[in-house]
Amino acid sequence: MFHFTLEATDGKARAGSFRTPHGVIQTPIFAPVGTQATVKSLTPAQLKELSVNLVLSNTYHLYLRPGDQLVSDAGGLHTFMNWRRPILTDSGGFQVFSLNEIRKVDEDGVIFKSHIDGSMHRFTPEKSVAIQENLGADIIMAFDECADPNKREYIASAMERTHRWLERCIKAKKREDQALFGIVQGGVDPHLREVSAKFVASLDLPGYAIGGLSVGETKAEMNEILDIVPDFLPENKPRYLMGVGSPEDLINGILRGIDIFDCVLPTRLARHGAAMSFSGRINLTNAVHARDWNPIVDGCTCYACRNFSRAYIRHLLMAKEMLAGTLISIHNIHTLEEIVRQSRQAIFEKRFSQFAIDFLQNYHSRITAE
RNA sequence: GGACGGUUACCCAAGUGGCCAACGGGGUCUGACUGUAAAUCAGAUAGCAGAAGCUUUCGGAGGUUCGAAUCCUUCACCGUCCA
């Protein structure tokens with residue numbers, strides 16, 4: 001179980017497969033986010049149609065509502081949400097960061113205020129693991145502290161605490177049918193990142209994640225960190241870049257040896273009216289599309305593009321109809337799945353570097369042209 | 001025919017002598033969104049000007065005043081009531 005097979009490499013880029021209790025996932029892979037045990041606006045059937053093979057769900061949210069015990073009583077997250085393919089749960093660590101207005105961190109864990117009813121709760125590494133064991137995802141994440149990249153003096157202590165918490169997570173873990181991934185922190189400081197990567201890699205884990213990126217730093221800073229961290233991670237284990245998912249970031253990540261991505265971007269942008277493509281972002285609410293009878297992307301094979309015009313989807317957006325979010329989510333996820341699929345193929349064919357260069361050139365030239 | 005009430009920017013709607021190019025909604029336009037407190041948020045919305053600023057607005061016309069969307073006269077239209 002949880003065996004990672006490296007099937008091909010091209011430069012630093014890798015193609016592999018990872019065995020989980022709910023099936024084998026082929027990497028590079030993109031996982032859409034289903035925070036509340038649902039990928040917003042999409043049914044599991046639609047996700048399967050999109051060839052989605054991994055979804056991320058969230059410990060913090062499901063603990064607060066409906067409660068991890070209820071999910072456990074339902075037979076686990078897979079049964080509860082009727083998603084029979086692999087699931088990854090985030091540990092709640094990111095919420096410590098993103099809900100920082102209402103938190104208090106100490107060595108033991110973090111006290112936070114529920115965004116739902118204001119009640120106080122406490123997460124510790126042990127608690128996070130226990131909740132994730134109740135939820136029952138295939139891959140569970142260590143409870144980490146994701147620090148603001150701009151608070152440099154704080155990053156080192158947050159990183160060290162994340163390391164101590166990782167050891168506690170490993171100790172607390174009981175279930176054998178879940179893979180616990182450790183998380184590398186260290187902000188945008190290359191030295192701290194190296195320290196963190198070496199430490200996390202020193203522990204024998206089924207996979208390794210890079211956290212604390214795409215949280216406000218520049219693309220250049222993110223790429224600089226991605227240039228060094230994978231070098232310190234074992235080759236024969238999957239590497240997961242947390243929270244990253246714009247088309248260009250996927251390419252840049254794969255180029256640097258990342259295997260797994262997750263992101264809310266395709267579904268959030270969809271609900272807000274923006275479509276992804278190989279040549280940049282398209283804001284479908286723009287007036288120029290009012291009478292545009294073309295699909296979102298010419299030649300795209302997704303359900304939305306095969307069946308509907310930009311004009312129709314814009315109308316749905318203007319009328320605030322739910323179907324708009326569904327159709328654009330389908331398109332956006334299709335686009336990202338297509339990027340990782342084509343990347344994987346290019347890696348096997350040893351032409352990924354050129355694929356990446358072409359992709360990025362096309363992507364950026366189209367953006368600046370518009 | 002008479003008596004009141006009303007007419008404000010794309011729509012609704014505040015404002016009753018200077019702080020009004022005019023509160024607030026809606027609509028529209030543009031932008032943002034990366035381990036989802038996000039079907040959310042931000043800005044713009046008379047015209048011209050990147051800004052300072054200038055020009056034209058509050059049903060029409062005329063008047064009072066240093067100064068009017070706000071006061072007066074009159075006309076038009078809408079509403080309610082009376083004959």
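First the proteins, then the strands, lettered A, B, ... as listed; each starts at 1.
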(request) Kindly write out the residues that satisfy salt bridge (Lys or Arg N to Asp or Glu O under 4.0 Å) with Lys219(A), not counting sequence neighbours, or none if the list is empty. (result) Glu248(A), Asp249(A)
(request) Name the pairing partner of C41(B), where a pair is Watson-Crick or G-U wobble with both distances under 3.5 Å, or state none. (result) G31(B)
(request) Residues of residues 320-331 of chain A with any non-hydrogen atom less than 4.0 angstrom from an atom of RNA chain B: list those, numerically ordered, please. (result) Lys320(A), Met322(A)
(message) Using Watson-Crick or G-U wobble geometry with both distances under 3.5 Å, which nucleotide pairs with C71(B)?
(response) G63(B)
(request) Calculate the interatomic distance between Met318(A) atom CE and G27(B) atom P; express it in whole Å. (result) 9 Å
(message) I need the CD1-C1' distance between Ile139(A) and G35(B), as an integer number of Å.
(response) 13 Å
(message) If the condition is side chain to side chain donor-acceptor pair (under 3.5 Å), which residues does Tyr154(A) pass it with, not counting sequence neighbours?
(response) Glu145(A)
(request) Return the value, rounded to whole Å, for the distance between atom CG of Asp144(A) and atom C1' of G35(B). (result) 8 Å
(message) Under 4.0 Å from OP1 or OP2 of G35(B): is there any side-chain N or O of Ser91(A) that close?
(response) no
(request) Could I get the full list of side-chain contact (heavy atoms from CB on, under 4.5 Å) partners for Arg19(A), not counting sequence neighbours? (result) Val24(A)
(request) Just jot down the ring pair (Phe, Tyr, Trp, His ring centres under 6.0 Å) partners of His315(A), sequence neighbours excluded, or say none. (result) none
Could you list the donor-acceptor pairs under 3.5 angstrom formed by side chains in residues 234-245 of chain A, with sequence neighbours left out?
residue   : atom : partner   : partner atom : Å
Lys237(A) : NZ   : Asp204(A) : OD1          : 3.1
Lys237(A) : NZ   : Leu205(A) : O            : 2.7
Arg239(A) : NH1  : Gly257(A) : O            : 3.1
Arg239(A) : NH2  : Pro230(A) : O            : 3.4
Arg239(A) : NH2  : Leu233(A) : O            : 3.4
Tyr240(A) : OH   : Asp262(A) : OD1          : 2.7

(message) Restricting to ring pair (Phe, Tyr, Trp, His ring centres under 6.0 Å), what partner residues turn up for Trp83(A), sequence neighbours left out?
(response) none
(message) Tell me every residue that passes side-chain contact (heavy atoms from CB on, under 4.5 Å) with Arg271(A), counting only those two or more places apart in sequence or in another chain.
(response) Lys40(A), Thr267(A), Arg268(A)
(request) Mind listing the residues from residues 34-59 of chain A sitting with a heavy atom below 4.0 Å of RNA chain B? Number order is fine. (result) Thr35(A), Lys40(A), Leu56(A), Asn58(A)
(message) Below the 4.0 Å mark, does U36(B) have OP1 or OP2 next to a side-chain nitrogen or oxygen of Gln95(A)?
(response) yes
Scan nucleotides 31-34 of chain B against the protein and return all N/O pairs shorter than 3.5 Å with their distances rounded to 0.1 Å.
residue : atom : partner   : partner atom : Å
G31(B)  : OP2  : Asn286(A) : OD1          : 2.9
G31(B)  : OP2  : Asn286(A) : ND2          : 3.4
C33(B)  : OP2  : Arg281(A) : NH1          : 3.2
C33(B)  : O2   : His272(A) : ND1          : 2.8
C33(B)  : N3   : His272(A) : ND1          : 3.3
U34(B)  : OP1  : Arg268(A) : NH1          : 3.4
U34(B)  : O3'  : Gly243(A) : O            : 3.0
U34(B)  : O2'  : Ser214(A) : O            : 3.2
U34(B)  : O2'  : Ser214(A) : OG           : 2.4
U34(B)  : O2'  : Gly243(A) : O            : 2.2
U34(B)  : O2   : Gly245(A) : N            : 3.1
U34(B)  : O2   : Asp249(A) : OD2          : 3.3
U34(B)  : N3   : Asp249(A) : OD2          : 2.7
U34(B)  : O4   : Lys219(A) : NZ           : 2.5

(message) According to side-chain contact (heavy atoms from CB on, under 4.5 Å), who are the partners of Asp108(A), at least two apart in sequence or on a separate chain?
(response) Asp106(A), Arg122(A), Thr124(A), Arg168(A)
(message) Tyr60(A) and side-chain hydrogen bond (donor to acceptor under 3.5 Å, both in side chains): which single residue from His115(A), Gln95(A), His121(A) fits?
(response) His115(A)
(request) Check Phe112(A), Trp165(A), Phe94(A) against Phe123(A) for a ring pair (Phe, Tyr, Trp, His ring centres under 6.0 Å) and give me the one that passes. (result) Phe112(A)
(request) Using the test ring pair (Phe, Tyr, Trp, His ring centres under 6.0 Å), find all partners of Phe359(A) that sit at least two apart in sequence or belong to another chain. (result) Phe278(A), Tyr363(A)
